[in-house]
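Note that the structure is predicted; figures quoted are calculated from it, not measured. Quick note on labels: first sequence line is chain A, next is B, and so on, each numbered from 1. The analysis underlying the following values was restricted to heavy atoms, covering all of them including side chains, and did not include hydrogens, waters or symmetry mates.
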Amino acid sequence: MRILFMGTPDFALFSLRALVEAGEDVVGVVTQPDKPRGRGYTLTPPPVKVYAEEKGLPVYQPRTLRDEAFAALLREIDPEVIVVVAFGKILPVNVLEYPKYGCVNVHGSLLPAYRGAAPMQRAIIEGCTETGITTMFMAEGLDTGDMLLKKSVAIDLHDTFETVHDKLGECGAELLLRTLALLEKGEILPEKQEDALATYAAKIEKEDCLLDFSRTAKEVHDRIRGLSPIPLSFTHTPDGKLLKVVASDLADGKGRPGEVLSLSGGRITVACGEGAVALLSVLPEGKKKMSAADFINGRRISVGDMLS
RNA sequence: CGCGGGGUAGAGCAGUUCGGUAGCUCGUCGGGCUCAUAACCCGGAGGUCGUGAGGUUCAAAUCCCACCCCCGCAA
């Protein structure tokens with residue numbers, strides 16, 4: 001099959017790499033335009049572009065898919081199937097309808113749960129013990145298309161966005177290959193989503209990252225790991241400085257929510273509304289990630305301090 | 001020139017405003033206490049203070065100049 005791949009970040013790379021390594025006929029890669037990022041607004045290419053160029057694949061970075069220029073490009077490339085993984089743009093109807101085999105999307109949740117932008121993070125934050133990958137045909141609505149294949153992946157108490165992201169990335173790649181193989185043979189049965197059961201995983205906003213220690217220890221811990229290592233949850237030390245939290249664990253103890261209960265064992269134990277969490281690794285404002293032990297040794301925190 | 005923080009012993013920091021060759025916590029090494037210990041006590045080692053046969057000065061980690069590197073925010 002002539003495959004046109006559309007994707008942007010690292011998550012999409014798992015799938016693109018799998019296609020390439022499986023010898024699939026990837027005839028083109030569409031990704032977001034380079035964007036100014038980081039200090040000094042350096043123009044940075046998306047990960048998918050970097051990889052695609054390494055492999056000598058044609059890369060396209062249209063500003064919009066909704067013009068005649070892209071329609072013409074599509075006819076020129078003439079894909080039989082379009083694979084979309086974390087692309088970051090909505091596909092217009094004319095694109096959705098173009099390929100003979102349709103547009104296949106790899107989504108990081110067990111649909112219809114967690115439709116939307118941040119399914120992995122939301123699943124962890126909400127304490128799920130299971131999530132997964134769904135491949136589906138793309139439809140006009142947001143992640144509403146008919147489902148093709150599904151595979152679940154466990155989330156354990158110490159998984160983070162990073163570990164789940166990688167597990168699902170690999171799982172997605174594997175499922176994508178199987179989906180395409182079955183699709184080509186016509187041996188796949190699309191299944192409608194039960195819209196009544198749908199939930200949404202909204203994009204992560206800054207306010208999602210502020211820790212609320214009045215919640216239960218489990219909820220605080222789930223939020224910390226669901227946002228680690230990107231973008232990281234945060235709180236503030238008594239001097240008003242930002243303190244991001246990289247890693248945590250559940251702990252024993254009780255006190256006023258946000259109160260630092262103990263600094264022993266290289267752990268910063270903080271009281272929550274119910275129970276306590278131990279901060280194991282942090283990122284102070286203007287500094288780099290460090291262990292809680294290092295932060296403690298620098299004397300930047302004392303027992304009794306309130307984090308907010 | 002988007003905003004900002006920083007480069008001082010293996011690690012995390014203080015000291016720089018008011019120049020006078022450096023201190024804290026941890027680690028490490030040795031000794032002690034203890035049934036024992038990641039606990040405690042005593043002692044030690046370890047630093048060209050990012051770079052510059054730079055500038056100012058009797059004297060610079062501390063002031064000035066240039067350069068290199070790291071990081072946070074915002075996108």
Requested in this report: With P as the reference atom in both, quote the distance from B/rG20 to B/rU62 in angstrom, rounded to an integer.
Outcome: 11 Å
Query raised in the report: Under the salt bridge (Lys or Arg N to Asp or Glu O under 4.0 Å) rule, what pairs show up with a residue in residues 294-307 of chain A, not counting sequence neighbours?
Result: none
Report summary line: Expected list for residues 293-302 of chain A near RNA chain B, using heavy atoms below 4.0 Å, is A/Asp294, A/Asn297, A/Gly298, A/Arg299, A/Arg300
Query raised in the report: For nucleotides 70-75 of chain B, read 5' to 3', which letter fits each nucleotide if B means a protein heavy atom sits under 4.0 Å from the base, S means only the sugar-phosphate is that close, and - means neither?
Result: SBBBBB
**Report entry** Test side-chain hydrogen bond (donor to acceptor under 3.5 Å, both in side chains) applied to A/Arg115 - qualifying residues, sequence neighbours left out
**Finding:** A/Gln193, A/Asp195, A/Tyr200
**Report entry** Residues which pass side-chain hydrogen bond (donor to acceptor under 3.5 Å, both in side chains) with A/Thr135, listed by chain and number, not counting sequence neighbours
**Finding:** A/Thr179
Query - Gap in Å between the two P atoms, one belonging to B/rC73 and one to B/rG54, rounded - result: 40 Å
Query raised in the report: For A/Ile268 and B/rC26, what is the distance between atoms CD1 and P respectively, to the nearest whole Å?
Result: 16 Å
Query raised in the report: Under the side-chain contact (heavy atoms from CB on, under 4.5 Å) test, which residues partner A/Glu174, sequence neighbours left out?
Result: A/Lys151, A/Arg178
Requested in this report: Determine the interatomic distance between P on B/rG50 and the same-named atom on B/rG7; round to the nearest Å.
Outcome: 8 Å
Report summary line: Rounded to whole Å, CE of A/Met290 lies from C1' of B/rG7 at a distance of 13 Å
Requested in this report: Please collect all ring pair (Phe, Tyr, Trp, His ring centres under 6.0 Å) contacts where either partner lies in residues 216-255 of chain A, sequence neighbours excluded, each pair once.
Outcome: A/Phe234-A/His236
Query raised in the report: Which value, rounded to the nearest 0.5 Å, describes the distance between A/Leu263 atom CG and A/Ile296 atom CD1?
Result: 4.5 Å
Query raised in the report: With rounding to whole Å, what would you report as the distance between B/rA9 and B/rG23 at their C1' atoms?
Result: 11 Å
**Report entry** Nearest-Å distance once atom P is located in both B/rC64 and B/rC71
**Finding:** 26 Å
Query raised in the report: How far does the P atom of B/rC68 sit from the matching atom of B/rU21, given to the nearest Å?
Result: 33 Å
**Report entry** Residues in side-chain hydrogen bond (donor to acceptor under 3.5 Å, both in side chains) contact with A/Asp10, at least two apart in sequence or another chain
**Finding:** none
Requested in this report: Starting from P on B/rG4, measure out to NZ on A/Lys241 and report it in whole angstrom.
Outcome: 15 Å
Report summary line: The salt bridge (charged side-chain N to carboxylate O under 4.0 Å, His left out) partners of A/Lys218 (sequence neighbours excluded) come to A/Asp222
